[in-house]
Number of protein chains: 2
Amino acid sequence: MATVRRTPLNRDRVLRAAVALADEVGVAGLSMRRLAQQLGVVPMALYKHVADKEELLDGMVDVVIGEFDTPGPGLDWRDGVRARVLSARRAVLRHPWARQAIESRTRRTPTVLAYMNSVAGVLLDGGLSADLTHHVLHALGNRIWGFSPELFDEPRDENAPPPTPEQQQAMAAELSQRYPHILAIAMAATEGDLSRVGPGCDEEFEFRFALDLLLDGAERLRRGGWTSTAADPIATLRD
Amino acid sequence: MATVRRTPLNRDRVLRAAVALADEVGVAGLSMRRLAQQLGVVPMALYKHVADKEELLDGMVDVVIGEFDTPGPGLDWRDGVRARVLSARRAVLRHPWARQAIESRTRRTPTVLAYMNSVAGVLLDGGLSADLTHHVLHALGNRIWGFSPELFDEPRDENAPPPTPEQQQAMAAELSQRYPHILAIAMAATEGDLSRVGPGCDEEFEFRFALDLLLDGAERLRRGGWTSTAADPIATLRD
DNA sequence: CCCACCGGTGTACGCCGTACACCTTCGGGA
DNA sequence: TCCCGAAGGTGTACGGCGTACACCGGTGGG
C-alpha cells in the first residue's frame, strides 16, 4: 500500500513551527518534545536539524529579526533609527516570547550581526563618529530590539478581578505610608484615579520617550563633536 | 547517645546559602536539590521555608538589593541617582547571576518596591515632576539595578585561545565584507588594533555613558518644565 | 547492484521541581 | 502530668525535561 510519505522536515520548517508554538504557549511551554509532537515526529528527529535547544532558540530569534523591515534611505539619521527600532518593536509585539528569548541569547548569529550592522550604518551615515556610534549603541542597549528593559510591567494578571474601592483605599494607604514616592507617580500617571492603575503604563509612550531621550542626547553630542577620549567625555552635555 | 541537633533552618539561612551557591555555580546550576545538599538536608525540607523556586529567586534578589547602600542626602539629584545606581552596580557585579535573576523576576517584593521608591524620591526631591519622574524611571529601565541591557557582551570564552594573526586577518576581511559598519566601530574601539577585540567593551564606561546621557537629558527636560501632555512631549529636547 | 548517507525511530539516563504522607520533637494549655 | 498540635525534616513517587546512542528503512550515486 502506498503510505504517503510526509514531506521531510528541514531546519526552516522546524524553526517556523517553533515560532508558531511559542506564539501559542510562550517560551516556557516550548519543549523539544512538544515541538516534535506538533510536527508529528519523535523528539529526537529534531536533532537532525538543530544541534540542541540553544541553537533552536537562536534560530527562532533569527526568524523574528527576519521580520524587521529596513526602511529606505533618505531619512534623518534619528528617523532612520526610529523607523528600524519601531519596526523591531512591532515584530517583538507580535511574538511576545521574543523579548525573553532575545534577552537570554548570547550567541551572535550572522542575522544578529547583520541587524546591528544596519543600525550602526544609519548612525555612521548620519555623521556620528565610529566612537560615538559605538557608545550610543551601548546606550540604546536592548532598545534596538524593540523593547525596553524593565521590571515595572508584566505582573498584571488579566484574570484577576478589578480591585474593589476598599482595596483601592487600602492600597493607597499602604503606598502612602511605605512608598509615598511611588504613590506620587501612580497618582500622576492615572491623573489621580487610582482605579486606573490596572491597565498599567503606556509602554509605547515609555518606549518612544526613552528612545528619543537617547537619540536627541546623541544628536547633541554629535553637534558638539563629542569624543570619548576627552577628560570628562560627557561634559559636552552639561551646559 | 546525644545526637547533636543541627541548628534548624530558616528562610534567611536558606536564602543566603542560595546566594552563595549561585555565586559559585551560577543561576543555571542552582537547583533545589543541590541547594538542599549544600545545607545537609533533604530537598523537600526547603519547602518549609520557601513556597517554591520562584519565591526562592525573589528572595535571593531581595538579598542582593539589601546590599545596595543608600547615600546620604545633600547631593545634586543626578549625583544622588548616580550614587545609588553605581552602588547597585557594584552589588550586581559581586553576584554575576543577579542580572539574569533580576531580569527574569516579575514579582515586585516589598524590598523591590522600597528600592524603586527610594530612587523615585531622589528624582522628586530634585525637582522633577511626578510625571517626568515616572517616564525617566522607565527610560532608565534596568539600569537602576546596576546593569545595562545588552546583547553585545558575554559570549566571551575565557578558555579560548587568543586569535592568531591569520584569524584576525580573516575576521577583518569577513567583517569588512559583510559587516563594514561593525568593523568601523571595532576599529575605533580598539584604536585600530583588532587583536584587542578580545577584552571586549569597557562595560563600566558604557554604563556611565548611558546613565549620564539619560540623566542629563532628564535635567534638560526638568529645566524646560517638561510635561507629557504637551502635543510633542519630546520637542523640548530638540536643539 | 550495492553501499553510504539521510531522516526518522526507540530506548534509556540523569536531571529537574514538587505533591503527599509520614515521623520526630517540643512548647504550652488542660 | 498529660496530651496535642504545630513546626521542621524525611522518603517516596510522579511527570516532565534535554539529549546520548544504537538502530533502521529508503534512496540516489558509483
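All chains are named by letter (A, B, ...) in the order of the sequence lines, taking the proteins before the strands, and each is independently numbered beginning at 1.
- A 6.0 Å sphere centred on CD of B/Glu55 holds more than 12 heavy atoms belonging to other residues, nucleotides or ligands.
- Within a heavy-atom distance below 4.0 Å of DNA chain C, the residues of residues 49-58 of chain B found are B/Asp52, B/Lys53.
- Atom-to-atom, CZ of B/Arg34 to C1' of C/dC15 comes out at 12 Å; the value is rounded to the nearest Å.
- The shortest side-chain heavy-atom distance between B/Arg105 and B/Glu54 falls under the 4.5 Å cut-off.
- The distance between atom CZ of A/Arg11 and atom C1' of C/dG7, rounded to the nearest whole Å, is 16 Å.
- Closest non-hydrogen pair, A/Ile182 versus B/Asn117, comes out as N-OD1, 3.2 Å.
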Each nucleotide N or O in nucleotides 10-14 of chain C that has a protein N or O under 3.5 Å away: list the pair and distance.
none

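- Distances were taken from every side-chain heavy atom of B/Pro8 (C-beta onward) to each of D/dG18, D/dG8, C/dT18; the shortest belongs to D/dG8.
- Contact detail for A/Pro96 and A/Asp23: the closest heavy-atom pair is CD-OD1, 4.5 Å.
- Comparing D/dT19, D/dG8, D/dT10 against the side chain of A/Pro43 picks out D/dT19 as the nearest.
- Taking atom CG on A/Leu35 and atom P on D/dC17, their separation rounds to 12 Å, with Å as the unit.
- Between A/Lys48 and A/Met32, the residue anchored closer to the 5' end of DNA chain D is A/Met32, taking for each the nucleotide with the nearest heavy atom.
- Residues from residues 19-28 of chain A lying near DNA chain C, meaning a heavy-atom separation below 4.0 Å, are absent.
- In the model, B/Arg84 has a side-chain atom that pairs as donor or acceptor with a side-chain atom of B/Ser118 under 3.5 Å.
- Per the geometry, OH belonging to B/Tyr47 stands 15 Å off P belonging to D/dG9, to the nearest Å.
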Check: residues 60-68 of chain B side-chain donor-acceptor pairs under 3.5 Å, at least two apart:
{"residue": "B/Asp62", "atom": "OD1", "partner": "B/Thr109", "partner atom": "OG1", "Å": "2.7"}
{"residue": "B/Asp62", "atom": "OD2", "partner": "B/Thr109", "partner atom": "OG1", "Å": "3.3"}
{"residue": "B/Asp62", "atom": "OD2", "partner": "B/Thr111", "partner atom": "OG1", "Å": "3.4"}
{"residue": "B/Glu67", "atom": "OE1", "partner": "B/Arg94", "partner atom": "NE", "Å": "3.4"}
{"residue": "B/Glu67", "atom": "OE1", "partner": "B/Arg94", "partner atom": "NH2", "Å": "3.2"}
{"residue": "B/Glu67", "atom": "OE1", "partner": "B/His95", "partner atom": "NE2", "Å": "3.0"}
{"residue": "B/Glu67", "atom": "OE2", "partner": "B/His95", "partner atom": "NE2", "Å": "3.0"}

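- Sorted pairs that involve residues 31-53 of chain B and meet side-chain hydrogen bond (donor to acceptor under 3.5 Å, both in side chains), not counting sequence neighbours, are lacking altogether.
- The shortest non-hydrogen separation linking A/Ala184 to B/Ala130 is O-CB, 3.7 Å.
- Residues passing the side-chain hydrogen bond (donor to acceptor under 3.5 Å, both in side chains) test with A/His134, sequence neighbours excluded: A/His138.
- When all heavy atoms of A/Asp69 and A/Pro71 are compared, the pair lying nearest together is O-CD, 3.4 Å.
- At whole-Å resolution of the value, CZ in A/Arg13 and C1' in C/dG7 are 12 Å apart.
- Judged by the 6.0 Å and 45° rule, B/Arg89 forms no cation-pi pair with B/Phe147.
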